[in-house]
Amino acid sequence: MRIILWRLALAFGIVVLGAVVVFLGRSGYRDATGHSIGWLTSFYYAAVTLTTIGYGDVVPVSETARVVNTLVITPLRLGFLLILVSTTISALTKRTRAEWREQTWRRKVQGHTVVIGYGTKGRAAVATLRARGTQPREIIVVDVSLGAIGEANRNGLVGIVGDGTHTDVLERAELGKAQHVLIATTRDDTAVLASLTARRMNHSAVITASVARAENAPLLREGGADNVITSAETAGHLLGVASLSPAVGTVLEELLSTGLGLEVAERPPAPTEVGHDPRQLSEPVLAVVRDGSPLRYNDPGIGAIRPEDRLIIARASPMCDRGDRYHADPPVRDHL
């Protein structure tokens, strides 16, 4: 936009320069109306001449005026046309490049994650995905706010401006080929409609949605969401736990935050771990995913770990070593 404005200013400057040249040599021009050549007529002649319209009602009649038209006005006309043509070609080329990049991206994108809503919850979800190894090009953000999408673009993400409940918007995000869909809208009714639309477009994607009120969670599950996070009740529960046991609150804060020291992760069992009781592993096993269903660590049906199992464990975050978090010396306060 800045380049276009600069070119428009340059084109206007050429017109002004042409008008000044005509006005200074106004005695060598004749107006078909019989009026004398003034500033308005000079600007009129410069504009219609430089744009190659040339009505012929104002013409150079003296030899000096014709020489000036040949040596000055004609080069100005060429410069004006070059600016016009280069601006047009630049705009068309930019649009063509954008369309080509979008078509190339659409052909290659597969198994990506679509995030509907890029507010506080959406940004936190994206930060967690990236901290766990998801590449920015594998994340597509959909939001109605142009500012939110601009921020997503600056962070290296693909952003689409639009309503995440509309099929045409989600088609632009290639939701039909997505592997995961995260719904982080600010309104529960919007989340329900987005979940219904996403499930209708993609029957196999894992849809995880966030709602403010627990009473709306069944609606989301009926609408196709695989996982529903109740933000308001969960936050209230954590507040209560932290007030009763600050140490437990600290541990839960680390588990739920990115890079604070502890994290919950899912991984396949190592060959040396197959056949053992989950409680014998060096890392704490919280659950075992078997046949798509999570079994808690104390479920008697787990038995020994199988090669096809998935383990949900608690481990130290690779982003940050905070082993001294719980044993740090108390802060020293200055006494006035």
Side-chain angles (χ1 to χ4, degrees), residues 115-132 180-195 206-267 278-279 281 283-289 293-302 310-333:
V115 179
I116 302 176
Y118 200 60
T120 302
K121 292 182 291 186
R123 288 194 296 269
V126 169
T128 301
L129 291 175
R130 297 187 64 176
R132 299 293 180 89
H180 299 279
V181 179
L182 305 183
I183 301 176
T185 56
T186 56
R187 294 170 54 96
D188 288 1
D189 54 350
T190 305
V192 172
L193 185 55
S195 178
V206 178
I207 299 178
T208 302
S210 171
V211 291
R213 303 178 61 86
E215 62 190 30
N216 294 323
L219 293 175
L220 270 165
R221 292 190 176 94
E222 292 175 4
D226 299 287
N227 306 298
V228 179
I229 309 299
T230 308
S231 57
E233 278 78 359
T234 300
H237 176 69
L238 292 177
L239 285 173
V241 171
S243 66
L244 296 175
S245 177
V248 174
T250 300
V251 174
L252 291 176
E253 178 190 1
E254 291 201 354
L255 289 173
L256 296 175
S257 302
T258 302
L260 284 186
L262 290 176
E263 67 177 10
V264 177
E266 179 181 342
R267 66 171 177 81
R279 290 169 290 188
L281 272 58
E283 293 177 321
V285 177
L286 305 179
V288 176
V289 181
S293 300
L295 304 175
R296 295 175 181 172
Y297 74 97
N298 59 349
D299 192 321
I302 293 180
R310 303 281 298 181
L311 306 180
I312 298 178
I313 62 170
R315 67 184 183 188
S317 173
M319 295 180 59
C320 179
D321 184 10
R322 296 291 300 275
D324 60 343
R325 180 178 175 87
Y326 307 114
H327 306 288
D329 294 333
V332 178
R333 298 181 180 177

(message) Could you check whether any side-chain heavy atom of L311 comes within less than 4.5 Å of a side-chain heavy atom of L281, counting everything from C-beta outward?
(response) yes
(message) Can you tell me how far apart CD1 (I302) and OH (Y297) are? Round to the nearest 0.5 Å.
(response) 10.0 Å
(message) Could you work out, with side chain to side chain donor-acceptor pair (under 3.5 Å) as the rule, every residue matching R267, not counting sequence neighbours?
(response) E273, E283
(request) Heavy atoms only: give me the nearest V126-Y118 pair and the separation to one decimal. (result) CG2-CE1, 3.8 Å
(request) Drop me the distance from R123's CZ to T128's OG1, to the nearest 0.5 angstrom. (result) 13.0 Å
(request) Hey, could you give me the CD/CG distance between E266 and L286, rounded to the nearest 0.5 Å? (result) 11.5 Å
Please list every donor-acceptor pair under 3.5 Å in which a side-chain atom of residues 212-221 meets a protein atom from a residue at least two apart or in another chain.
residue: R213; atom: NE; partner: E215; partner atom: OE2; Å: 3.1
residue: N216; atom: ND2; partner: D188; partner atom: OD2; Å: 2.6

(request) Can you establish whether the number of heavy atoms outside R296 located under 6.0 Å from its atom CZ is more than 12? (result) no
(request) Only counting residues at least two apart or in another chain, list the ones meeting side chain to side chain donor-acceptor pair (under 3.5 Å) with S210. (result) K121
(message) Ignoring hydrogens, what is the shortest heavy-atom contact between G122 and A184? Give both atom names and the distance.
(response) N-CB, 3.7 Å
(request) Measure across D299 and G301 and return the closest heavy-atom pair with its distance rounded to 0.1 Å. (result) OD1-N, 2.8 Å
(request) Using the side chain to side chain contact (heavy atoms under 4.5 Å, CB included) rule, pick out the option among T208, V211, I207 that qualifies with S195. (result) I207
(request) Locate the shortest heavy-atom distance separating I116 from A194; write the atom from each residue and the value. (result) CD1-CB, 4.3 Å
